[in-house]
Amino acid sequence: MQISPVLVKPGGVQSKFSEERMVGKLSTRLLNICVVSFCKARQLDKAESVIIDAVRLGIRPNVVTYNELIVGYCRLSSFESAYSLLQRMREARINPDVVTYNSLISGAARNCLLSKSLDLFEEMLQRGMAPDIWSFNTLMHCFFELGRPEEANQVFRDIILHGLSPCPATFNIMINGLCKNGYTSNALMLFRNLQRHGFVPELITYNILINGLCKVGRLGAARRMLKELSASGYLPNAITYTTVMKCCFRSRRFQQGLEILQEMRHKGYTFDGFADCTVVGALIKGGRIKEATNYMDQMMRNGIKHDLASYNTLMNLYCKVGKLEDAYQLLDEIEEGGLECDEYTHTILIDGLCKAGNIEGAQQHMKHMNVLGLKSHLVASNCVVDGLCKAGQIDNALKMFESMEMRDSFTYSSLVHNLCKARRYHCASKLLLGCINSGMKILRSAQWAVIDGLQYSGFQKEARKLKSKIRLAQMVQC
DNA sequence: ATAGGGTTAG
């Protein structure tokens, strides 16, 4: 039994003993603070060397130290290094705890190693460790993130089966997951049901729902939710404002959006550059390049430090005005500052190259992305497919389409439109049906381009046939 | 320690 140092009289042997222990504990806490700081700054090498120094001074790292390192490595998408810490813990005779496993589970999922997540969950059970509510929350979040809502729902049933009580975060994760997977109405129903059973929504819950409703264009419902947020005694925070502002820009209510920005400035919510990026992004999308440039300059003069997303916004600006030299240079500048360009950065550049007519450059950069291990390049591929079409290389675009592992509504819409422009209506018709039959939506305008095209070029019968096939496919899906 | 906002394509 440990003696509380406060209760021991000074000067005694026991006191000296517990003082040493206390100092040891304090040192370990200090070590952990250092480790956390370095991990957050993505300087894992420094975190490691601090630990080495500490051990030399006789300070022992504990389970928290290792847990922090695990989180750090997972963030750097270096799951292997994180996982190898389990072995190092064993060597240091430190037992992993639930937090260790929870961190590894979420880290594996973050790095698209879902089966590893499941294995770790299993391993945790086998080691006789009882998963806590956070293990299940994390697992559920993983499934939602990976677009597997059925399995996420199964996790919820498992929580109940294990006799654990869901916590508010459990419901927030569920509501968010449903929204992100296209089940916004179900999310709203769940929310109402929970309220009827006494669930008190947090501010975060309202933000999740407002965001979900905005994204599917249900602005009225979003506005009502915003009112409900205030009626519950919460004040909208920076996240609420950014969400609503973006929604205004999307629905082309520019003035209203800017008024929200003013209000945010007033409340001191614009310090982090999130709101600014939203505005610049909206200006670029609206073709108001000059204003976007001025705004970005102002942003820098205000001393906002670039993070990756704001660099990406700048990259987008360079590309949209055709400053591709600057864009390439920015690529280096970002990495010199210790950040790592992500799929956004590269995709923006690839699209810029396509739009500037440099298809070869775009294709080369696609290869570069592959080398970097950025494998979720669906958007980038879509840019190149569209670029190839626009450069008059439709057959090459079709070849690329055939070779793609994933295709979405953008891929099909782009190809169908461009095939129609080239008057290849029969080919377009085949693709259109392939798209709808696989349960994907396609731009209405692309659909009509095919039907009208067939009709006006003397294929009335084919046009009628296509229409009824589309209707049938859509009926089957309901 | 794990949940919510900003940046990409038709």
Side-chain angles (χ1 to χ4, degrees), chain A residues 36 39 64 67-68 70-72 74 97-107 109-110 132-142 144-145 167-177 179-180 202-212 214 236-247 269-270 272-282 284-285 307-317 319 342-352 354-355 377-387 389-390 408-418 442-443 445-446:
Chain A
V36 172
C39 285
V64 177
N67 290 348
E68 293 301 347
I70 286 175
V71 171
C74 287
D97 61 7
V98 178
V99 180
T100 316
Y101 275 94
N102 289 352
S103 307
L104 282 169
I105 291 167
S106 79
R110 191 200 286 257
D132 63 5
I133 184 63
W134 278 108
S135 319
F136 286 106
N137 285 352
T138 308
L139 203 60
M140 185 160 61
H141 178 71
C142 295
F144 275 127
E145 283 275 288
C167 63
T170 314
F171 296 122
N172 291 337
I173 290 169
M174 280 188 91
I175 293 170
N176 185 43
C179 286
K180 290 276 155 70
E202 301 172 314
L203 179 56
I204 206 173
T205 323
Y206 284 112
N207 284 343
I208 288 168
L209 279 165
I210 291 168
N211 188 37
C214 284
N237 65 4
I239 294 175
T240 326
Y241 276 106
T242 318
T243 305
V244 176
M245 183 171 73
K246 187 172 161 98
C247 185
Y269 283 159
T270 49
D272 59 1
F274 269 56
D276 295 316
C277 285
T278 313
V279 177
V280 176
I284 293 174
K285 210 163 242 152
D307 63 6
L308 193 53
S310 75
Y311 268 129
N312 288 342
T313 308
L314 182 59
M315 177 69 91
N316 195 17
L317 198 52
C319 288
D342 63 358
E343 58 182 271
Y344 280 89
T345 330
H346 296 294
T347 306
I348 292 165
L349 179 59
I350 286 171
D351 186 53
C354 287
K355 294 285 188 322
H377 48 283
L378 174 63
V379 181
S381 301
N382 286 344
C383 294
V384 176
V385 165
D386 191 63
C389 291
K390 296 264 160 49
D408 67 357
S409 151
F410 278 88
T411 331
Y412 283 99
S413 299
S414 171
L415 267 174
V416 168
H417 257 307
N418 282 297
I442 192 161
L443 269 189
S445 61

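Naming convention: chains lettered A, B, ... in sequence-line order (proteins, then strands); numbering from 1 in each chain. All values derive from a computational prediction rather than experimental measurement.
- Aromatic stacking is not marked for A:Trp134 over B:dT2, as the cut-offs of 5.5 Å for the centres and 30° for the planes do not both hold.
- Using a 4.5 Å heavy-atom threshold, the side chains of A:Asn172 and A:Glu202 count as touching.
- The CD1 atom of A:Ile204 sits 9 Å away from the P atom of B:dG5 (whole-angstrom rounding).
- Looking at A:Leu349 and A:Cys319, their side chains come closer than 4.5 Å, going by heavy atoms from C-beta outward.
- Protein atom NE2 of A:His141 is 11 Å distant from nucleotide atom C1' of B:dG4, rounded to whole Å.
- Between the CZ atom of A:Phe144 and the P atom of B:dG4 there is a distance of 12 Å, rounded to whole Å.
- Close to B:dG4, at under 4.0 Å from its OP1 or OP2, lies no side-chain N or O of A:Asn172.
- In this structure, of B:dG4, B:dT8, B:dG5, it is B:dG4 that holds the atom nearest to the side chain of A:Asn237.
- A straight line from CG of A:Leu314 to C1' of B:dT8 spans 15 Å, rounded to a whole angstrom.
- Atom pair A:Leu139:CG and B:dA1:C1' shows a separation of 16 Å (rounding to whole Å applied).
- Among the nucleotides B:dT2, B:dG10, B:dT7, the one closest to the side chain of A:Thr138 is B:dT2.
- As judged by a 4.0 angstrom heavy-atom cut-off over every strand, A:Ile208 is placed among residues touching the sugar-phosphate backbone only.
- Within the nucleic acid shown, A:Thr313 comes within 4.0 Å of sugar-phosphate atoms alone, with no base atom in reach, counting heavy atoms only.
- Scanning atom types as modelled, no donor and acceptor separated by under 3.5 angstrom connect the side chain of A:Thr411 and the base of B:dG10.
- One cannot find a donor-acceptor pair under 3.5 Å joining the base of B:dG6 and the side-chain atoms of A:Thr278.
- For A:Ser413 and B:dG10, a side-chain-to-base donor-acceptor distance below 3.5 Å is present, hydrogens and geometry of angles not being considered.
- Distances from the side chain of A:Phe274 to the nucleotides B:dG5, B:dG10, B:dT2 place B:dG5 closest.
- Between A:Thr411 and A:Ser381, the closest side-chain pair of non-hydrogen atoms is not below 4.5 Å.
- A:Asp272 comes within 4.0 angstrom of a base, heavy atoms only.
- Residue A:Lys390 places no side-chain N or O under 4.0 Å from the OP1 or OP2 atom of B:dG10.
- Comparing B:dG4, B:dA9, B:dG5 by their nearest atom to the side chain of A:Phe410 picks out B:dA9.
- Using a 4.5 Å heavy-atom cutoff, the side chains of A:Met174 and A:Met140 are in contact.
- In terms of phosphate contacts, A:Asn316 brings a side-chain nitrogen or oxygen within less than 4.0 Å of OP1 or OP2 of B:dT8.
- Residue A:Asn211 places no side-chain N or O under 4.0 Å from the OP1 or OP2 atom of B:dG4.
- Counting only N and O atoms by type, the side chains of A:Asn211 and A:Asn176 include no donor and acceptor under 3.5 Å apart.
- Spacing between atom CD1 of A:Ile348 and atom C1' of B:dT7 amounts to 5 Å, rounded to whole angstrom units.
- Among the atoms of the strands shown, none is found under 4.0 Å from any heavy atom of A:Thr345.
- In this structure, of B:dA3, B:dG5, B:dG10, it is B:dA3 that holds the atom nearest to the side chain of A:Ile173.
- Residue A:Lys246 contributes atom NZ, which lies 9 Å from atom C1' of B:dG5 at whole-angstrom precision.
- Side-chain atoms of A:Asp307 and base atoms of B:dG6 include a donor and an acceptor less than 3.5 Å apart.
- The closest side-chain heavy-atom distance from A:Val98 to A:Ser135 is below 4.5 Å.
- Checking B:dG10, B:dG4, B:dG6 against every side-chain atom of A:Ile239, the shortest atom distance belongs to B:dG4.
- Among the nucleotides B:dA9, B:dG6, B:dA1, the one closest to any side-chain atom of A:Lys355 is B:dA9.
- Between A:Asn418 and A:Val385 there is no side-chain heavy-atom pair separated by less than 4.5 Å.
- For A:Glu68, the side-chain atoms get nearest to B:dA1 when compared with the rest of B:dG6, B:dA9, B:dA1.
- As a whole-Å value, the separation of A:Ile442 CD1 from B:dA9 P is 19 Å.
- Counting non-hydrogen atoms under 4.0 angstrom, A:Ser106 reaches nothing in the nucleic acid.
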